[in-house]
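In what follows, chains carry the letters A, B, and so on, assigned in the order in which the sequence lines appear, proteins first and then strands, with residues in each chain numbered from 1. Side chains included, hydrogens not; waters and symmetry mates left out as well; all remaining heavy atoms used.
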There are 4 protein chains.
Amino acid sequence: MQAKSSRQQQAIVRREHLVDTALALFSQQGYDATSIKQIAAAEGVAVGLLYHYFPSKSELLRAVWERHSFLPELRALLLVEHGETAACVLQKVAERFSAMIDRKESLFRLMVRESQSNSEVADCLHAIVEEGITALGAYLETRVELGELRPHNTALTARMLLGTVLTTHLARLPIRPWVELVTQLLHGISAHPN
Amino acid sequence: MQAKSSRQQQAIVRREHLVDTALALFSQQGYDATSIKQIAAAEGVAVGLLYHYFPSKSELLRAVWERHSFLPELRALLLVEHGETAACVLQKVAERFSAMIDRKESLFRLMVRESQSNSEVADCLHAIVEEGITALGAYLETRVELGELRPHNTALTARMLLGTVLTTHLARLPIRPWVELVTQLLHGISAHPN
Amino acid sequence: MQAKSSRQQQAIVRREHLVDTALALFSQQGYDATSIKQIAAAEGVAVGLLYHYFPSKSELLRAVWERHSFLPELRALLLVEHGETAACVLQKVAERFSAMIDRKESLFRLMVRESQSNSEVADCLHAIVEEGITALGAYLETRVELGELRPHNTALTARMLLGTVLTTHLARLPIRPWVELVTQLLHGISAHPN
Amino acid sequence: MQAKSSRQQQAIVRREHLVDTALALFSQQGYDATSIKQIAAAEGVAVGLLYHYFPSKSELLRAVWERHSFLPELRALLLVEHGETAACVLQKVAERFSAMIDRKESLFRLMVRESQSNSEVADCLHAIVEEGITALGAYLETRVELGELRPHNTALTARMLLGTVLTTHLARLPIRPWVELVTQLLHGISAHPN
DNA sequence: GATGAATGAGTTTTCATTCAT
DNA sequence: TATGAATGAAAACTCATTCAT
């Protein structure tokens with residue numbers, strides 16, 4: 001593996017900076033409402049320089065969401081230890097998922113926004129949702145088989161957990177009662193257990 | 001009460017048409033990506049006419065979401081008959097809420113999108129969420145008092161129900177298992193009732 | 001002479017109102033910067049109505065300066081009684097000229113402004129200047145013949161008197177020392193009379 | 001001191017060209033009646049380039065009158081040698097003032113015109129008038145003290161001299177009798193010296 | 001006489017992109 | 001690598017004018 005020259009290093013750093021600046025602005029104002037000039041100004045460079053690093057504005061957008069992709073992180077947080085109880089696992093998942101959205105809030109908001117007119121972004125977001133529901137559902141299925149959970153629509157439970165966390169963030173609700181969320185998911189709210 | 005002349009009638013109709021056309025295009029492409037020219041062309045009128053009806057593009061956006069406001073409908077669907085069981089009521093709410101989003105999908109998507117950079121839209125959306133959670137939570141509280149439900153975090157339950165329905169629509173998931181949603185909400189998924 | 005019907009009367013009044021409103025706005029903002037819409041709004045009528053009274057915006061401008069023409073008034077104020085001394089006459093002329101500009105300040109400013117690109121206005125203004133200088137010069141000539149004044153460039157004296165009054169108004173200088181103006185014009189400022 | 005690259009040089013030259021072109025057109029047609037497109041066309045460049053150099057049309061106007069400001073030149077022409085007679089000085093002032101207006105006729109007309117709706121321009125023009133009257137008046141005061149001139153309203157004399165020159169230019173009168181102007185100013189026109 | 005909806009050409013301004021330096 | 005002058009197309013918005021009612 002060859003050591004990179006300082007020129008190359010600097011170029012990489014600058015590229016990343018530009019992507020981060022673009023993310024921040026795209027997220028706040030929306031992709032269409034953000035101009036190349038603004039991004040260049042925020043970074044303190046000339047407009048032309050952006051075109052050295054990215055062939056076009058839309059490619060810059062792509063670079064943004066490719067760099068910060070959720071998927072690996074989502075996969076990591078869904079890799080649960082099978083020795084623990086479902087209660088424990090579900091709570092960890094809820095908390096980690098919530099924390100991940102917090103950490104990547106800009107990208108999250110950007111993608112939710114742009115997914116509505118950019119089908120590539122839409123597909124990407126859709127894949128994330130599918131993967132989350134499938135992985136969490138599959139885990140729940142194993143707990144049903146072990147007799148810890150009743151047979152039930154596990155995909156729906158996954159939707160409920162992830163969906164509740166998601167809307168909490170989208171709506172910027174400050175209170176995040178993930179402990180109670182798991183309790184209610186497990187035991188329901190009826191006074192008359194069937 | 002004075003009868004309106006046909007000129008005035010026609011003007012009102014045209015105004016509404018323009019708002020509807022704007023909604024459709026704003027929703028598909030986003031507010032910023034939609035030009036006044038496009039809206040005028042879709043309606044078959046001159047660009048200048050839009051400025052006869054609306055002082056600016058942003059006022060046209062406001063007209064869009066003021067005309068189709070969710071709130072009245074949301075309030076209506078949350079007016080539940082107290083004679084029925086919670087299971088019945090929750091299911092009706094889920095179904096009606098889902099149907100409402102379907103019916104107003106364009107506006108819904110537009111507002112979710114624009115709320116991220118337009119604080120007025122954000123406030124409006126926030127108010128809707130708050131009202132939904134509060135009203136549904138208050139209903140659940142009455143069922144707790146009647147002994148039909150266990151004492152629990154009713155606001156969270158409301159979030160779970162509405163949030164699950166919401167994300168289902170946002171993610172365009174086609175399967176809408178509202179019957180099971182209510183069952184799981186009421187009875188949980190644990191094999192070991194506490 | 002036939003009495004005018006009240007409809008006709010009203011129409012004449014409205015026309016004059018419109019001309020006055022147009023004068024006020026043209027004068028404040030300039031002809032180009034004033035829109036027909038603005039004039040109609042200031043008068044509280046529909047845009048279309050202006051086109052019943054005036055065939056075009058430029059005709060409205062013409063109506064403005066034809067209605068308020070300086071010339072008759074200028075001629076009147078230069079009709080001096082020949083029995084009086086030049087000192088007396090010159091002072092009256094200065095004062096009346098100054099008062100006339102005050103009274104017609106809007107039109108005066110409008111014409112100075114528009115004369116620079118509208119040759120018709122320029123010609124009109126030029127004619128006024130010429131007529132003023134000629135008439136006042138001719139009067140001075142009679143006083144030279146009577147031996148009250150020395151033979152001199154009477155047209156220049158007219159320019160000096162009228163020009164000083166004019167620039168005073170154009171520059172909005174508040175102090176108007178017309179008495180001293182005439183004294184200096186007559187006797188000069190040199191300590192060594194030749 | 002760093003030498004400027006030829007690119008920078010060229011940019012500066014172009015900027016000045018644009019200002020000059022704008023001055024010519026604004027002056028002929030008026031600010032409002034001159035479009036950015038026209039200026040760009042006259043210069044043979046794209047419309048957008050104007051916005052590279054000036055943030056808005058109104059800033060271009062400001063650039064025009066800041067670049068060609070009268071004041072320094074006016075101050076220079078009023079710096080008179082005190083060894084000379086008042087007759088000599090006043091004539092030089094009249095001639096130089098007249099020549100200055102000729103040289104800067106475009107700007108002069110533009111400012112007179114726009115001062116009527118642009119208060120910044122009005123203030124600037126007012127300051128010039130004030131400065132001229134004050135400086136020339138102060139000079140006359142020194143000649144009164146030396147006994148060359150009678151005590152009199154020196155500010156008024158300044159107004160008379162400058163005002164007569166000014167109106168001559170504004171009215172485009174071709175004959176400019178500055179020699180006689182000074183003579184009459186000094187000795188008056190009365191046949192009966194007091 | 002009076003309205004105001006409708007138009008089409010115009011305005012100022014912005015923007016993504018290119019390219020000589 | 002980095003600059004910013006230059007472009008052309010398109011944006012939002014305005015306006016004088018027309019005309020059916």
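Candidate nucleotides dA5(E), dA16(F), dA16(E) were compared by shortest atom distance to the side chain of I36(C), and dA16(F) ranks first. Proximity note for H52(A) (side chain, C-beta onward) versus dT12(E), dA2(F), dC13(F): the nearest is dA2(F). Closest contact between the side chain of R7(D) and the listed nucleotides dA2(F), dA20(E), dC15(E) involves dA20(E). Set against dT14(F), dT13(E), dA6(E), the side chain of K57(D) has dT13(E) as its closest nucleotide. The side chain of Y51(C) lies closest to dA16(F), out of dT12(E), dA16(F), dA12(F). Checking dA5(F), dG8(E), dG4(E) against every side-chain atom of A11(D), the shortest atom distance belongs to dA5(F).
Formation of a donor-acceptor pair under 3.5 Å by the S69(C) side chain with backbone atoms of E66(C) is not found in this model. The backbone N or O of V64(B) lies less than 3.5 Å from a partner atom in the side chain of H68(B), making a donor-acceptor pair.
Note on V47(D): a base of the nucleic acid sits closer than 4.0 angstrom, heavy atoms only. Residue contacts for T34(D): at a heavy-atom cut-off of 4.0 Å it reaches the sugar-phosphate backbone alone, with no base atom in range. Counting any heavy atom pair closer than 4.0 Å across all strands shown, Y53(C) reaches sugar-phosphate atoms only and no base atom. The residue L49(A) sits close to a base: some heavy atom pair falls under 4.0 Å.
Atom CD in E43(B) sits roughly 15 Å away from atom P in dA5(E) (whole-Å rounding). Taking atom CG of residue L61(B) and atom P of nucleotide dA12(F), one finds them 13 Å apart after rounding to whole Å. Note: CG (L50(A)) to P (dA2(F)) measures 11 Å, nearest angstrom. A straight line from CG of L18(D) to C1' of dA6(F) spans 12 Å, rounded to a whole angstrom. Atom CD in Q29(C) sits roughly 14 Å away from atom P in dT14(F) (whole-Å rounding). The CD1 atom of I39(D) sits 8 Å away from the P atom of dT12(E) (whole-angstrom rounding). With rounding to whole Å, H17(A) atom NE2 is found 13 Å from dA2(F) atom P. Counting to the nearest Å, the C1' atom of dA20(F) and the CD atom of Q9(B) are 17 Å from each other.
Base pairing analysis places dA11(F) opposite dT12(E); the two distances defining the Watson-Crick or G-U wobble pair are each below 3.5 Å. For dT21(F), the paired base is dA2(E) (Watson-Crick or G-U wobble, both distances below 3.5 Å).
Proximity of Q38(B) to the phosphate of dA12(F): no side-chain N or O atom is located under 4.0 Å from OP1 or OP2. Between R15(D) and dA5(F), a side-chain N or O to OP1/OP2 separation shorter than 4.0 Å is absent. For dT11(E), the OP1/OP2 oxygens have a side-chain nitrogen or oxygen of S35(D) closer than 4.0 Å.
A cation-pi geometry, defined here as NZ or CZ lying under 6.0 Å from the six-membered ring centre and within 45° of its normal, holds between K57(A) and Y31(A).
Nearer to the 5' terminus of DNA chain F, by closest-nucleotide assignment, is the contact made by R14(A) (compared with the other of P55(C) and R14(A)). For the pair G48(C) and G44(B), both in contact range of DNA chain E, the more 5′-proximal nearest nucleotide belongs to G48(C). Between Q10(D) and S58(B), the residue whose closest nucleotide on DNA chain F is further toward the 5' end is Q10(D).
Contact of the Y53(C) side chain with the L60(C) side chain is not registered, since no non-hydrogen atoms from C-beta on lie closer than 4.5 Å.
Here the closest non-hydrogen pair linking D32(D) and Q29(C) is OD2-O, 4.4 Å.
The distance from the CD atom of Q116(A) to the CZ atom of F26(B) is 14.5 Å, given to the nearest 0.5 Å.
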